[in-house]
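So the structure is just underneath, and the comments pick up after that.
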Amino acid sequence: MTLISKLFHPAGNRKYPSVDALFTYLRSLINREDLIERLWQKYTAAASLPERSRDAIYAGLYSDFETFIVGHTPLVVKQSFTALELRDAVRTAISTVSLPILVRVWFEEGDVIDIVRFQIYTQEMVSELCRLEGEAKVLGIVRTFLGPSAGLRHMDDTDTFLIMFVRPEEEVQSVLRQKFHTCFTQLYTESVSLFGEYKASRIIIDTYQQLEKTKNHDLLADFFTYIPSHLLQTERLAYLSAEDLAKRVAEATSREIRKKEEAESLSRELESKIQELQKQYETMESTKRAMLNLLEDAKSLEEQLKIEKASVEQKVKDRTAQLREEQVRMTASVSSLPVGFVMVDESHAVLFHNKKALDILGIHQEIKKLDDLLNVFPKDSVVHELLSTYQAEHESKGVKGEVSYGPKTLMISFLPVINESDVEAKNLGSIVLIDDITEAKVLARSRDEFFSIASHELRTPLTAIRGNTSMILEYHADKLTDPDLKEMITDVHDSSIRLIDIVNDFLESSRLEQGRLEFKNAPFDISDLIERALKEYQVTGSRSHIALSYAQPEVPLPLVFADADRVRQVLINLIGNGIKFVEQGSVTVTAHVNGGQVEIMVTDTGRGIPIANQSLLFRKFQQAGDSLMTRDTTKGTGLGLYISKLMIEGMGGKIWLVSSEVNHGTTFAFTLPVAPIA
Amino acid sequence: MAKVLLIVEDDPLMNRMYQKIFKFEKYDVDTAINGQEGLDKARSVKPTLILLDVMMPVMNGMQVLEKLKADPETKNIPVVMLTNLAGEKDAETAMMKGAVKYIVKSQFEPKQVVNMVKEIIAAHSREDVPTA
């Protein structure tokens, strides 16, 4: 044992830096260092072992590391290796030649491996033989079989010897191996003859036990081919049946596992590929469907378009016909207008005109421009001013004015043609309307004159009747001794007054209707006006059995904003009506504020108005309750309420019948706006 | 000095009626039947008050009023416009031009017109006192 130990460790206790480098490198290939803790402890513990077994342990540890690294996936190790790949990597990473020979043999290849193995197998035997027979004898044997290039090396500071051999270039591998075998057999034979059968076989068994520790199965397997067949028979069998089998199974299993893993990863890859393809297929399908839909849509659109085109064509046809009809209608309308109609574009070129335009102006030449039309007027005519005014506003606002044209009076209007739907409201041109208002002017004038004349010519004789009868009664009463004569003169006088009233009412209503009556609105005290109106009746009223009163409100009324004279007229009319229809009783005026208005009520206890006739109040010439034939002509013209209504409304108020009951009385009310506080 | 009234009125009916009532009321009355005559008489007679109709031939009442008021000899004579034109505009115009009153003939009894004239003359006499 000590002998063998010496043989394998010529360097004694010295350190093996290359061994440290190897294991440090192996460790660096492993991510999960926790999993190799046990192996690493074993490695560090090996340093203190006897050197001989330490090298074997190192070799065995390499085997353990190799198994670990090759058997684990890249999560645990840095990358996946096969055993050969790992050995290659180690060869590249560190210097394997300086490793102990038992460890180094893991990394040798080709012919060199056979040489190294032979050295390992023979080391112990050669060392023993050298010690007992001398180096020369052993060298002789070795050279006999291996040739002159072979030698012996005495390892430093030890008594161990190693066979050195340089492989000749031409040597064939199998021949070389045969030479090693023969040499080994001769050396063993020499050992048996020198030490006896037992000791020689012990040397072989010792070597085997060391080799076993290295877990280098190839090395062991090869070793069994060298040794005599009767030695280590059980081990050889066990090795072949168990070790080798286990190793083979392990290798096969790991291969299978790898294959399975490969298959699995492949299948996963395949699956994802399939999924991808499935997805692509689905996308394709949906694209295809979309395309089909689009095609169908396009088809239906085309059909729709065809239908619509047909319908549009029909519409255009219809519309054209319609437009033509409209044009005809428009032309006819414009042609039949009672006014002259001239349409010009923006540059005042005449686009269209009706015959009436020429007729009114009494011209026969064609008018092509607006100027052709205007030049028929004198240079100082108002029409030129009108056009300037119109153009001053950029022809955007219509203007019109009366223009004298010879004996005629014309109303001439310039009106813009604007497309309202256009945002810019662009002016498309203008329309000139020429209306001959000569007749209308004459009529209006004659109407005005009629009223003046009526007022003057009717009133004057009536005033004479009234004045003269009045003077007869005043200054010649002593001569009217006959009561009938006096009554006749009185009737003539009263009739003249009534006629004057009727004429006045006619004139008033007509002026109100035409809006020719101006209201001079101003703030005034309505209470004061009511009192004065009542006083007028108390002074002039002959029927003293009718009580007239004004119920003053407790709070003074605000001033009203109206024409005091007109309000007085309305009050006189309403109070007068009350008096007229009351045989015996009272007429009462009240007033109060209602919102922004003052409301004045006139209540009488007269005979009342039947419901059927109430709606006729405030109408022209209406006297409630009477048909034309049964009118009570003593009661006036029937214009009183009508005039009152026009006046009150003209001042911004309202007038209405509040209530009326036959034989009980009537209440009228009107409102006037409260004057704004100054 | 008797108070002379000048009545300028083209309508004989009216002319006669107003002559009568003022004579009944003890006034001296002179008359003219058109505007021009009225203006001439106003200058020659220098009446206390002029009753002037508006609608008249030759020269209408408004024109006469203007001339009266433009002439220093006649501008202080009070002028009462008498008319049967009920136009308010006319009334306003007349007052602007210097008339003291505008009477719509049909609206008043002759006696009422006399009373109005009396009042105006009384007022004018009082005004005259300090300067007379």
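Just so you know, these numbers come straight off a predicted model, no measurement behind them. By convention in this document, chain letters (A, B, ...) are assigned in the order of the sequence lines, proteins followed by strands, and residues within each chain are numbered from 1. Heavy atoms only: backbone and side chains are in, while hydrogens, waters and symmetry mates are out.
- For the pair A:N468/B:R16, no side-chain contact is recorded, criterion being any heavy-atom separation below 4.5 Å from C-beta on.
- Between the side chain of A:R459 and the main chain of B:N84, a donor-acceptor pair closer than 3.5 Å is present.
- Both the backbone and the side chain of B:M17 come within less than 4.5 Å of a heavy atom of chain A.
- Counting non-hydrogen atoms of other residues, nucleotides and ligands closer than 6.0 Å to CE of B:M95 gives a total above 12.
- B:K69 NZ: more than 12 foreign heavy atoms inside a 6.0 Å radius.
- When heavy atoms are compared at a cutoff of 4.5 Å, A:L458 does not approach chain B at all.
- With rounding to the nearest 0.5 Å, the separation of CG in A:D501 from OG in B:S106 is 9.0 Å.
- Of all non-hydrogen atoms in A:P461 and B:L13, the two that sit nearest each other are CA-CD1, 4.4 Å.
- In this structure, the separation between CE on A:M471 and CD on B:E109 is 10.0 Å, given to the nearest 0.5 Å.
- Considering NZ of B:K23 and OH of A:Y475, their distance stands at 14.0 Å, rounded to 0.5 Å.
- Taking every heavy atom of both residues into account, B:P110 and A:G467 meet most closely at CG-CA, 3.3 Å.
- For B:E9, no part sits under 4.5 Å from any heavy atom of chain A, backbone or side chain.
- Within 6.0 Å of the NZ atom in A:K486, the count of heavy atoms belonging to other residues, nucleotides or ligands does not exceed 12.
- Only the side chain of A:I500 comes within less than 4.5 Å of a heavy atom in chain B; its backbone stays farther off.
- Counting heavy atoms of neighbouring residues, nucleotides and ligands inside a 6.0 Å radius, atom CD1 of A:I437 exceeds 12 of them.
- With rounding to the nearest 0.5 angstrom, the CD1 atom of A:I497 is 10.0 Å from the CD atom of B:Q107.
- Pairing each heavy atom of B:M14 with each of A:T460, the nearest pair is CE-O, 3.3 Å.
- Enclosure of atom NZ in B:K41 by more than 12 non-hydrogen atoms of other residues, nucleotides or ligands within 6.0 angstrom is indicated.
- The environment of NZ in B:K118 is crowded: more than 12 heavy-atom neighbours from other residues, nucleotides or ligands sit within 6.0 Å.
- Rounding to the nearest 0.5 Å gives a distance of 4.5 Å between NZ of A:K520 and CD of B:E92.
- B:F108 approaches A:R466 most closely through the heavy-atom pair N-NH1, 3.9 Å.
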